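Right, one structure below, let's go through it.
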Amino acid sequence: MRTVVAPPATEGELSERANALAGRSLAWVADQRGIEVPANLKRDKGWIGQLLESVLGATAGSRAQPDFPQLGIEMKTLPVSPLGAPRQSTYVCTAPLNSSVGTVWKESWVCRKLARVLWVPIVGNTDTPVGERIVGGPLFWSPDAEEAAALQTDWEELTDLIERGEVWQIDAKRGQYLQLRPKGANSEALVWTLDEEGEWVRDMPRGFYLRARFTAQMLKKHFLLG
DNA sequence: GAGTGATCATTA
DNA sequence: TAATGATCACTC
């Protein structure tokens with residue numbers, strides 16, 4: 001059995017661990033943990049994220065909590081091209097379609113999840129073998145006033161529609177930076193939600209995602225200021 | 001090529 | 001079933 005890496009006690013310690021991985025290949029990182037590198041991610045879509053969680057000492061599991069509960073930090077890998085451009089949108093959290101709570105931005109899952117994030121860029125293209133992709137320099141991030149305001153605007157628009165029972169007419173085109181997309185095992189997956197008339201109906205589970213243009217701007221700011 | 005909608009694995 | 005980790009794959 002593999003040993004478990006103890007959670008970092010401080011953000012500084014987490015930063016040290018993350019920086020120690022910068023420049024390393026995923027094959028090297030996986031070898032540290034005695035983990036095999038899959039030929040492709042077709043059936044292991046979350047492999048990179050779970051590998052990094054394992055090596056950094058994040059709490060394993062799929063609980064609705066930050067990866068580092070004591071530090072209040074969420075870790076996310078970010079696939080980027082060799083030029084540094086994000087290749088995909090980033091999943092934030094599940095959208096609550098059936099709960100009557102959290103209608104205030106500051107208390108929302110999105111706001112709390114993004115309050116403090118450790119971004120770990122993974123450099124490579126789709127055709128780059130998984131093991132040859134390189135871990136980039138970590139970025140500890142919190143949204144600035146501008147970013148927070150933009151996210152809040154998008155979140156409020158989407159949340160308002162959910163509350164009005166109009167989830168069925170939301171598609172991924174809404175939202176400047178934050179979008180709502182299907183997030184289930186497949187298109188057949190169902191969850192309970194309320195329609196316009198307050199009747200319980202079944203619909204697709206959804207999740208909030210950050211558009212690539214948002215993370216691209218974020219990296220650009222960091223690059224220019226750093 | 002970008003972006004949306006679909007999908008895969010695992011754990012609680 | 002619902003949450004986590006995301007990328008795949010098809011359409012435009």
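Order of the sequence lines fixes the chain letters, A, B, ..., with proteins taken first and strands second; residue numbering starts at 1 for each chain. Note that the structure is a prediction, hence the values are computed from the model and not measured.
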Given DNA chain B, 5'-ward residue of the pair A:Lys173 and A:Ala185, judged by closest heavy atom
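Checking each residue's closest nucleotide, the 5'-ward one belongs to A:Lys173.
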Have a look at A:Trp109 and say if it touches a base, only the backbone sugar-phosphate, or nothing, with a 4.0 Å heavy-atom cut-off.
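Here A:Trp109 touches the backbone only, sparing every base.
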Any base atoms under 4.0 Å from A:Ala64, or only sugar-phosphate, or nothing? Heavy atoms, all strands.
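The residue A:Ala64 makes sugar-phosphate contact but no base contact.
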Side chain to side chain donor-acceptor pair (under 3.5 Å) partners of residues 187-197 of chain A, not counting sequence neighbours, each pair once
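Listed once each, the pairs are A:Trp168-A:Glu196.
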Using atom [atom1] of [X] as one end and atom [atom2] of [N] as the other, report the distance to the nearest whole Å.
{"X": "A:Gln179", "N": "B:dA2", "atom1": "CD", "atom2": "P", "result": "15 Å"}
{"X": "A:Arg174", "N": "B:dT4", "atom1": "CZ", "atom2": "P", "result": "13 Å"}
{"X": "A:Phe208", "N": "C:dT4", "atom1": "CZ", "atom2": "P", "result": "12 Å"}
{"X": "A:Asn186", "N": "B:dC8", "atom1": "CG", "atom2": "P", "result": "7 Å"}
{"X": "A:Trp192", "N": "C:dT1", "atom1": "CH2", "atom2": "C1'", "result": "13 Å"}
{"X": "A:Glu188", "N": "B:dC8", "atom1": "CD", "atom2": "P", "result": "11 Å"}

Starting from the first five and the last five pairs of the helix from B:dG1-C:dC12 to B:dA12-C:dT1, work out the angle between the resulting helix axes, to 10 degrees.
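Helix axis angle between the two ends: 30°.
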Nucleotides 5-12 of chain C: protein proximity per nucleotide (B base, S sugar-phosphate only, - neither; heavy atom, under 4.0 Å):
BBBBS---
Got a sec: does the NZ of A:Lys42 have more than 12 other heavy atoms crowding it under 6.0 Å?
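Counting other residues, nucleotides and ligands, NZ of A:Lys42 stays at 12 neighbours or fewer.
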Is it true that A:Arg174 and A:Glu157 make a salt bridge, defined as a side-chain N closer than 4.0 Å to a carboxylate O?
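Looking at A:Glu157 together with A:Arg174, the answer is yes, because their closest N to O distance falls below 4.0 Å.
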Between A:Ser142 and A:Arg116, do the side chains contain a donor N or O and an acceptor N or O under 3.5 Å apart?
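Looking only at side-chain atoms, A:Ser142 and A:Arg116 do form a donor-acceptor pair, the distance falling under 3.5 Å.
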Can a donor-acceptor pair be found between the side chains of A:Thr94 and A:Arg206 at a distance below 3.5 Å?
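Not at all, the side chains of A:Thr94 and A:Arg206 share no donor-acceptor pair under 3.5 Å.
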Any side-chain to backbone donor/acceptor pair from A:Arg211 onto A:Gly175? Under 3.5 Å, distance only.
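Yes, because the side chain of A:Arg211 sits within donor-acceptor range (under 3.5 Å) of the backbone of A:Gly175.
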Can you pull out every salt bridge (Lys or Arg N to Asp or Glu O under 4.0 Å) where at least one residue sits in residues 76-95 of chain A? Sequence neighbours excluded, please.
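Sorted pair list: A:Glu74-A:Lys76.
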Would you mind listing the cluster partners of A:Met204? Hydrophobic ones only (ILVMFWY), side-chain contacts under 4.5 Å, chaining allowed.
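None, because no other hydrophobic side chain comes under 4.5 Å of this residue.
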N or O in side chain of A:Arg43 less than 4.0 angstrom from B:dA9 OP1/OP2
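Yes, within the criterion.
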Restricting to side-chain contact (heavy atoms from CB on, under 4.5 Å), what partner residues turn up for A:Asn19, sequence neighbours left out?
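Counting only residues at least two positions away or on another chain, A:Asn19 forms a side-chain contact (heavy atoms from CB on, under 4.5 Å) with A:Ser15, A:Pro138.
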